[in-house]
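Since the model is a prediction, treat every value here as computed from it, not as a measurement. Atom set for the values below is all heavy atoms of this structure, side chains included, hydrogens, waters and symmetry mates excluded. Order of the sequence lines sets the chain letters (A, B, ...), proteins ahead of strands, with each chain counted from 1.
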Amino acid sequence: MKMKEYDFTPIEKKWQEKWEKENVFRAKDGEGKKYYVLEMFPYPSGKLHMGHVRNYSIGDVIARFKWKRGYNVLHPIGWDGLGLPAENAAINHKVEPKKWTYENIKRMGSQLKSLGLTYDWKREIATCDPEYYRWNQWFFLKMYQLGLAYRKEEWVNWCPKCKTVLANEQAKDGKCWRCGTEVEQRKLNQWFLKIGDYAEELLEGHKKLEGKWPEKVLTMQKNWIGRSEGAEIDFKVQGIEKSIRIFTTRLDTIYGVTYLVLSPEHPVLEQILEGKLNKEEILKWCNERIKKKKFLKEEVEKEGIFTGAYAINPYNEERIPIWIANYVLMEYGTGAVMAVPAHDQRDFEFAKKYSLPIKVVITPEEGKLDLPLEKAYEEKGLLINSASFTGLRSNEAIKRMITFAEAQQFGHRAVNYRIKDWGISRERYWGTPIPIVYCEKCGIVPVPENQLPIRLPEDVKFTGEGNPLDTSKKFVETVCPKCGGPAKRETDTMDTFFDSSWYFFRYTDPKNDEKPFEREKAEFWSPPDIYIGGIEHAILHLIYARFFTKFLRDIGLIGFSEPFPKLLTQGMVIKEGKKMSKSLGNVVEPDQIIKKYGADAVRLFILFASPPERDLDWSDTGIEGAYRFLKKVWDLFQRNMDILKHDSKPDLSEETLSLRTLTHRTIKKVTEEIEDRMHFNTAIAALMEFYNGISEKEKELRKIESGKAALKEALLSMLHLLSPFVPHITEEIWSKVGGKGFISKAPWPKYEEKLIEKESFTIVVQVNGKVRDRLNVLKGEDEEAIKEKALSSERVKKYIKEKKIVKFIYIPGKIMSFYVK
RNA sequence: GCCGGGGUGGCGGAAUAGGAAGACGCAGGGGACUUAAAAUCCCCUGGACUUUGUCCGUGCGGGUUCGAGUCCCGCCUCCGGCACCA
């Protein structure tokens, strides 16, 4: 008999077409038990990379598993279509961003389809579609009404090459995240969202996510939000009315303050320096620091300058000098710091450099400080030299000192956050236009809702300099919605993180042209039951989306607060321990691999090689192994076609029992690995063992009727268990053996508990912790009988001899342990 | 510096609640089939030794326990994040 060979190309094409044509994976609003699988949508850069393949294969296994478990599954895909590369393409290759983007979407869409993913393509969205970004504009207007969106002049990171504003996180280490150019500081009018208003809630919400999000991500977010408790205290300035407010977490050290320090950008400087002879000199010094201060890689040498002014410590009325120093940040706290050189290392270094006094006010509870100090003593301890607070422990002193400040009205308890408001303005073209016009008469005027969307104009010039939107007269020149007079449009567009902060709701109602989405639909599907994506979005995207969800709740569009109750962050795909990159020349192209081995083999390998959260080392021989396995599976089914078509029921006859036990154990194992742990590598390993077990017994069992039935049960179970991982080959075999409909939707197999219980066990016998023998024991044998067996074993006897058994432990079904002396 | 997460054969990884360390796969070695090769199949594959078996072995050093890759204490090291945050 000549067997048909495994020829994946036509098989994969055939089933991809069938699935699409017969609308197999359409999510149905409002029906049955729902399951929403979400993967981070891709930026349409032009082609799929292995990271995408991994991300979407993981999601697809879950989606297919849930379909087979009878769920109504929403598994959508879309495109994070706006962003800088489209514009760079326009500059470098003279292609319009729109054309470039949609061509990429088309190409990447067909790449995704070649992987056999279960997306509901009817729900495909693209953020660059005016029908999508109009809702960005709509949300912005709501935020503006609520005071959540506001405009202010702010120092911003400016990339001189991209000629754009960068968020702090896009300016890592002082370099532009895209082009690597050194970032400069500029002061510009910017639009901001008050994410700071939600800082506490964002932190509070983590409690619900514990155990469901990777701890790493939660910690990163916590650090990012950076809550710290302390007090704000006002210091009067001698000679002027104004006082300077500082924030401190160590109020217990306030008797050790020997000077105040202001950030070079501090607004109070103008007043303090009024009338001082060297005012200009000092301001010039400040400006120099502002320009270069941010994002320098190494720690900058501390530098300062005396203002000539003095402040009064409200606790002891002491007169202390006011300095300006480069180590104080304007964007944290109040931009002013009380300096306690004895108990803060930074102040200590500064005080040493400029010969400022160092006054010890905290001493350890046990032992003594060596004086003079060689470095600051930053620990908490007992207060000394602190008037009526002397002798108190730090924590108690802080409490009492705050109470004192509040009673005297020069200070109060305060909480500070590191997280800053979200600057969304980008001086760019390929983004969502901010729906604001500037009227000479009326000032800042929001565009009325009925004028949305404000579309991106097409008569723009891409020169690589400045904002292309400024070059479109048609766009810029408009009329004021309020007075009808001439006005100019805002030409800044929104940060693309705005687009990705709510796209997962749009999937639930993607064609709605009256609202962003229907609440009923959004709430039927969302929140997504699982969200899968790269760890690189641990902070920004995931915090913005959480913030956005709380905002949507506050305007009544949804009724819950956390968008992603369960998060799976997958590791990178690397090769030989290194990140894949063009410069290293170690990029593996999904297209070529699919062509050579087929989508099923690629999926199988990528899921088998490592658990999802770890980095995955791509291996050219590993993919061969996956392909080999599929060929073996194919052949196994080919040569057993007769059995599979035969009508039979497995029984409990003795010679089939071990295979039947293996079958049912494998069902259990694979089910749990997918459902509970999402460790697909071990699920696949179990299936390979299953294959080995079947092929070992195949010949024997084919000879008897009951054996054929057991084989049939095993083979069909295997086919179902394999199908979420390798959907094409299993669909093909399913159709060959006369399976009804699509295996993709046929019910997942169930295991029988009674077949999983083993008839006999191996009991390990240890003497003094070392394995000395293994006993075969039947189910139901009692402890005494087993013990007797163990003690009569020659191997065990040898080690016990005439020694005394001091301790004896028996763990049923596992181990027996003797401790002898 | 601070906060996370790791470290198991030649390699990717497994061991889910403290109970047989190394499942499964890759690579390697040997054999079968073949004129030959590919493909396929079978066997071996942590180390050492005095090889019916014994001892050692999960980054290092201690500890708890009948029993530790797993728990505790102290280090080393790699990766990631944050970093003058008052």
Q: Could you classify B:U51 for me, syn or anti, using a glycosidic angle within 90° of 0 as syn?
A: syn
Q: Let's see if you can work this out: which of B:U16, B:C41, B:G13 has an atom nearest to the side-chain heavy atoms of A:Ser610?
A: B:G13
Q: When rounded to the nearest 0.5 angstrom, what distance separates CH2 in A:Trp618 from CD1 in A:Ile606?
A: 5.5 Å
Q: For A:Glu673, answer base if it contacts any base atom (sugar-phosphate contacts may also be present), sugar-phosphate if it contacts only those atoms, and nothing otherwise; contact means non-hydrogen atoms under 4.0 Å.
A: base
Q: Provide, to the nearest angstrom, the distance between the CG atom belonging to A:Leu209 and the C1' atom belonging to B:G4.
A: 17 Å
Q: As a test of the definition: with a 90° window around 0 for syn, would you call B:G61 syn or anti?
A: anti
Q: Classify the side chain of A:Glu672 versus the base of B:U16 as yes if they form a donor-acceptor pair under 3.5 Å and no if they do not.
A: no
Q: From the options B:C26, B:C85, B:G13, select the nucleotide whose nearest atom is closest to the side chain of A:Tyr332.
A: B:C85
Q: Record whether the side chain of A:Lys302 comes under 3.5 Å of the base of B:C84 through a donor-acceptor pair of N or O atoms.
A: yes
Q: For A:Phe608 and B:C24, what is the distance between atoms CZ and C1' respectively, to the nearest whole Å?
A: 5 Å
Q: Is the cationic atom of A:Lys787 (NZ for Lys, CZ for Arg) positioned less than 6.0 Å from the six-membered ring centroid of A:Tyr810 and within 45 degrees of its normal?
A: no
Q: Using a heavy-atom cut-off of under 4.0 Å over every strand shown, decide if A:Lys632 touches base, sugar-phosphate, or nothing.
A: sugar-phosphate
Q: Can you check whether A:Ile729's main-chain N or O pairs, donor with acceptor, with A:Asp600's side chain at less than 3.5 Å?
A: yes
Q: Whole Å only: how far is the CZ atom of A:Phe680 from the P atom of B:G25?
A: 20 Å
Q: Once rounded to the nearest 0.5 Å, what's the spacing between atom CD of A:Gln221 and atom CH2 of A:Trp213?
A: 5.0 Å
Q: Does the Lys NZ or Arg CZ of A:Lys631 fall within the cation-pi geometry relative to A:Tyr6 - under 6.0 Å from the ring centre and within 45° of the axis?
A: no
Q: Once salt bridge (Lys or Arg N to Asp or Glu O under 4.0 Å) is applied, what residue pairs with a partner in residues 604-621 of chain A remain, sequence neighbours excluded?
A: A:Lys575-A:Asp620
Q: For A:Arg614, report the nucleic acid contact type (base, sugar-phosphate, nothing); a contact means any heavy atom under 4.0 Å.
A: sugar-phosphate
Q: If you draw the axis of the six-membered ring of A:Tyr799, does the NZ or CZ of A:Arg772 fall within 45° of it and under 6.0 Å from the ring centre?
A: yes
Q: Would you measure the distance from the C1' atom in B:C49 across to the matching atom in B:G1 and give it in whole Å?
A: 49 Å
Q: For the side chain of A:Thr762, counting heavy atoms from C-beta on, which of B:A20, B:A86, B:C26 is nearest?
A: B:A20
Q: Please tell me if A:Asn223 has a side-chain N or O lying less than 4.0 Å from either OP1 or OP2 of B:C2.
A: no
Q: Report yes if a side-chain nitrogen or oxygen of A:Asn692 is closer than 4.0 Å to either non-bridging phosphate oxygen (OP1 or OP2) of B:G25; otherwise report no.
A: yes
Q: Is a donor on one side and an acceptor on the other found under 3.5 Å between the side chain of A:Arg54 and the backbone of A:Pro612?
A: yes
Q: Whole angstroms only, please: what is the CD-C1' distance between A:Glu210 and B:G4?
A: 14 Å
Q: Between the side chain of A:Asp344 and the main-chain N/O of A:Ala339, is any donor-acceptor distance below 3.5 Å?
A: no
Q: Need one value for A:Asn416: base, sugar-phosphate or nothing, where a base atom within 4.0 Å counts as base even if backbone is also close, heavy atoms only.
A: nothing
Q: RNA chain B: A:Arg677 or A:Glu689, which has the more 5' nearest nucleotide?
A: A:Arg677
Q: For nucleotides 61-67 of chain B, give me one character per nucleotide, 5' to 3': B if any protein heavy atom sits under 4.0 Å from the base, S if the only such contacts are to the sugar-phosphate, - if neither.
A: -----BS
Q: Taking atom P of B:G80 as reference, at what distance in whole Å does atom CH2 of A:Trp224 sit?
A: 18 Å
Q: Tell me whether B:A17 sits syn or anti, counting syn as a glycosidic angle within 90° of 0.
A: syn
Q: For A:Ile684 and B:G25, give me the distance from atom CD1 to atom C1', rounded to whole Å.
A: 11 Å
Q: What does A:Asp344 touch in the nucleic acid at a heavy-atom separation under 4.0 angstrom: a base, only the sugar-phosphate, or nothing?
A: nothing
Q: Taking the side chain of A:Thr621 as its heavy atoms from C-beta onward, which of B:C26, B:A23, B:G13 lies nearest to it?
A: B:C26
Q: State whether the side chain of A:Lys375 and the backbone N or O of A:Gln345 hold a donor-acceptor pair below 3.5 Å, judged by distance alone.
A: no
Q: Does any pair with a residue in residues 676-689 of chain A pass salt bridge (Lys or Arg N to Asp or Glu O under 4.0 Å), and if so which ones, sequence neighbours excluded?
A: A:Glu673-A:Arg677
Q: Pick the P atom in B:G19 and in B:C71, then give their distance to the nearest Å.
A: 11 Å
Q: If you look at every strand shown and take non-hydrogen atoms under 4.0 Å, does A:Gly625 touch a base, only sugar-phosphate, or nothing?
A: sugar-phosphate
Q: If we ignore hydrogens and angles and just use 3.5 Å, is the side chain of A:Tyr315 paired with the main-chain N or O of A:Met401 as donor and acceptor?
A: yes
Q: By side chain to side chain donor-acceptor pair (under 3.5 Å), which residues pair with A:Thr258, not counting sequence neighbours?
A: none
Q: Dot-bracket, 5' to 3', for RNA chain B please: Watson-Crick or G-U pairs under 3.5 Å, [ ] where pairs cross earlier ones, | where the partner sits on another strand, dots elsewhere.
A: (((((((..(((......[....))).(((((.......))))).((((...))))..(((((..]....))))))))))))....
Q: Taking only the side-chain nitrogens and oxygens of A:Arg628, find out if one of them lies under 4.0 Å from OP1 or OP2 of B:A38.
A: no
Q: Would you kindly give the CG-to-C1' distance between A:Asp347 and B:C84, to the nearest whole Å?
A: 10 Å
Q: State whether A:Thr682 places a side-chain N or O below 4.0 Å from either non-bridging phosphate oxygen (OP1 or OP2) of B:C24.
A: no
Q: Give a yes or no on whether the backbone of A:Leu659 and the side-chain of A:Lys697 come within a donor-acceptor separation of less than 3.5 Å.
A: no
Q: Do A:Tyr819 and A:Gln766 pair up side chain to side chain, a donor and an acceptor below 3.5 Å, judged on atom types alone?
A: no
Q: Report the residue from A:Ile684, A:Ile674, A:Thr666 that forms a side-chain contact (heavy atoms from CB on, under 4.5 Å) with A:Leu721.
A: A:Thr666
Q: For atom P, what is the distance between B:G31 and B:A38, given to the nearest Å?
A: 14 Å
Q: Does A:Arg418 have a side-chain nitrogen or oxygen under 4.0 Å from the phosphate oxygens OP1 or OP2 of B:C3?
A: no
Q: P atom, B:U45 versus B:G53: distance in rounded Å?
A: 15 Å
Q: Using atom NZ of A:Lys420 as one end and atom P of B:C82 as the other, report the distance to the nearest whole Å.
A: 14 Å
Q: Pick the closest RNA chain B nucleotide for A:Pro611 and for A:Met220 by heavy atoms, then say which residue is nearer the 5' end.
A: A:Pro611
Q: Please report the distance separating the P of B:U51 from the corresponding atom of B:A32, rounded so that it comes out in whole Å.
A: 29 Å
Q: P atom, B:U70 versus B:G59: distance in rounded Å?
A: 8 Å
Q: Can you tell me how far P in B:A15 sits from the matching atom in B:A20, rounded to whole Å?
A: 13 Å
Q: How does each nucleotide of nucleotides 48-53 of chain B score, in 5' to 3' order, for protein heavy atoms under 4.0 Å: base (B), sugar-phosphate only (S), or none (-)?
A: -----S
Q: In whole angstrom, give me the gap between the P atoms of B:A23 and B:U16.
A: 15 Å
